**Q** 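Sharing a structure with you now.
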Protein chains: 2
Amino acid sequence: MTEPTLHERLRQAILSLDLAPGQRLSERGLEPEFGASRTPIRAALMRLESEGLVRRDAKGWIVTPLDLDEIATISEFREVLEVAGVRLSCERASSADLEAAAELARAPRPRETPEESIGMGTSFHLELAKLSGNLFLVTALDGVLTRLYRTRWLEVTTPESRARTHVEHEKLARALIARDADAAELAILEHLRGGRARLLESLAGERQRLRASGVSIEGGM
Amino acid sequence: MTEPTLHERLRQAILSLDLAPGQRLSERGLEPEFGASRTPIRAALMRLESEGLVRRDAKGWIVTPLDLDEIATISEFREVLEVAGVRLSCERASSADLEAAAELARAPRPRETPEESIGMGTSFHLELAKLSGNLFLVTALDGVLTRLYRTRWLEVTTPESRARTHVEHEKLARALIARDADAAELAILEHLRGGRARLLESLAGERQRLRASGVSIEGGM
DNA sequence: TATACCAGTATGGTATCCCAATCGGGGGCT
DNA sequence: AGCCCCCGATTGGGATACCATACTGGTATA
C-alpha cells in the first residue's frame, strides 16, 4: 500500500466531514496542515472541484455545502444510472460475474465499522454497474456516489436498516441472475427510493442539530 | 463578448482538430503558442483532463485519441441520458418550454457553416435535457456531447442527413408536446441509433484516410 | 562493428515569488 | 458620535526557478 496522495488525503478529509461542508479553504492555509506547497494543493483542489467536493466562489474555495435540493436531484440521477446499469447487466453480464456480485451482497455482515458499512454499500453498487460493461456509466455512478457519500454519515444506521439493505440487495441479485430485467429494475428502484426517502427525512429532521455542530445544510425549502 | 479564456482556447483547438487526436502536448511547448505561462496552462490541461479531452500518460500530456470502442460506449451512455431526459421532460416540463424547444428544432436551416450546424444539433439536445429539470443529467449529457464533438467533423453532412435530423427532431418535439413518453423515447432512440450507426460506419471507413492526415484512431477491432 | 556508457535535453512536479483585487478594521475628520 | 477613508492583510492568479527522472544521441571502447 503506497501512501495516499495529497488529493486523496484532502478528499478523505472532506468525505469524513473532517472538513465541514461550507467551510472556507485557503490554499496557503492548507499548506501547513497537509505539508505541501501551494502548487500541489491547488492541483488537488482543482481535481476536487471537478468531483464536486469543493467549489470556488468570489472569495475563494469552500467545501461543497450539503444542499437538500441538490441531493434530491443527484438521487434522481442516480436512479437513472442504476436502472440503466441493471438492465444492461441483465442482458450482457456473464453468469459468473453476476454470481460474484451476488456474493458481495450476501457478504460479511458481522461487526463492520460505519466506514466499512458505507464502503460495502457503495462497492456493491459500483461492482454491479461494472457488469453493465459501460465504463462511462460506471464513472458517472462513481461520481454520483462520491457526491452523496457525506450524507451517509448522517443517516442513522440501525441493525434493521442494514438488514433491509441486505434483503433488498439479495432480491436484486436474484432478479439479475434470473435475467429478469423488469424485476431487477423494480428491485433497484425500490431499494433506491426507500433509501432516498429515509435519507432526506433524516437530513431534514436533523438539520438544526447538524447546523449547530458546524455542518451547514442548504436548500430544501 | 469577453475574450475567451485560455481553457476555452485550448478546448477549441482540440475540438476543432487543430490539435490532432493523439498528439503530444508539453506544458512548456504550449507557452509560446498560447501566450501564457505554465501555471495557467497546467490549470487548463487539468480541466481538460476532467472533461476527457486530454490525458496524462507516463511521458506527459496527449490529446485524447479517438477510440472507436470508446465512442461506441459513450454513445450507448448517451442513449441512457437522453432517454431519461425526454421521459422526465414529458412529465414535468411546462408546455411553454416544450414549445420553445420545438422551435429550436424547426430553427434556421439555411446555409449554416459546419460549426453552426454542429452547434445547433448539440444545443437542441442540451436544451431539451434542461427541460428534465435535473441539472446533473444536463451536466452529464454536456460532458458526453463534448467527448463526442470531434467525431462530428468526420461525419459527412449531406443535405439529406440534415433534412433527416430535422425531421427526427420534429417528430421528437411533437411527441413531447403530446406528452407521449413512449413515443418520445422511441423517437429519440431512433434518432440516436441512426446517427450512431452512420457515424461509426463512416469513421471505420475513413480510418486510413484520417490516419494519413494525422488523426489517429484506435480500437474498433 | 557492436555495445555500453555518459552527457545533454526535455519532461512534469514542486517551491516560491510577485501581483491585483478585495475585504476589514482602525483612525481621523466632520 | 458617526461616517468615511485609507492602509494592511489575505485571497487566488500568474510567472519563474529549481528538482528528479527518463529518454536520446553520440562517442569511445572492446
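This is a predicted model, so every value here is computed, not measured.
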**Q** Write down the distance between CE (B/M46) and P (C/dG13), rounded to a whole number of angstrom.
**A**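 Distance check: B/M46 CE to C/dG13 P gives 9 Å.
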**Q** State the OG-CG distance between A/S75 and A/L192, to the nearest 0.5 angstrom.
**A**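 Output value for this atom pair is 8.5 Å.
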**Q** Would you mind reading off the distance between A/D57 atom CG and C/dA21 atom C1', rounded to a whole angstrom?
**A**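 My rounded result for the distance is 15 Å.
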**Q** Could you check which residues of residues 29-38 of chain B get a heavy atom under 4.0 Å from DNA chain C? Sort them by number, please.
**A**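 Heavy-atom contacts with DNA chain C come from B/R38.
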**Q** Could you state the atom-to-atom distance from CD1 of B/I62 to P of C/dT11 in whole Å?
**A**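 That distance rounds to 15 Å.
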**Q** If I take atom CZ in residue B/R42 and atom C1' in nucleotide D/dG13, what distance separates them, rounded to the nearest angstrom?
**A**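 Distance, rounded to whole Å: 15 Å.
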**Q** Between B/R11 and B/E8, is there a salt bridge with N-O shorter than 4.0 Å?
**A**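 Here B/E8 does not pair with B/R11 in a salt bridge, since their nearest N and O are not under 4.0 Å apart.
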**Q** Nearest-Å distance, NZ (A/K59) to C1' (D/dT10)?
**A**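 Going from A/K59 (NZ) to D/dT10 (C1'), I get 11 Å.
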**Q** Specify the residues of residues 19-28 of chain A, ordered by number, for which at least one heavy atom lies under 4.0 angstrom from an atom of DNA chain D.
**A**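 Those residues are A/L25, A/S26, A/E27, A/R28.
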**Q** For B/H169 and B/H191, take the angle between the two ring planes, folded into 0 to 90°, and tell me which bin it lands in: parallel under 30, tilted 30 to 60, perpendicular over 60.
**A**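 B/H169 vs B/H191 ring planes: perpendicular.
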**Q** Figure out the CG/P separation between A/L45 and D/dG12, and round it to whole Å.
**A**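 The distance from CG of A/L45 to P of D/dG12 comes to 8 Å, rounded to the nearest Å.
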**Q** State whether the number of non-hydrogen atoms from other residues, nucleotides or ligands found under 6.0 Å of A/R147 atom CZ is greater than 12.
**A**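 Count over threshold, so yes.
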**Q** Could you state the atom-to-atom distance from CD1 of A/I41 to P of D/dT11 in whole Å?
**A**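 Interatomic distance, CD1 of A/I41 to P of D/dT11: 12 Å.
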**Q** For atom CD of A/E201, decide whether the heavy atoms of other residues, nucleotides or ligands shown that lie under 6.0 angstrom number more than 12.
**A**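 Atom CD in A/E201 is not packed in, count stays at 12 or less.
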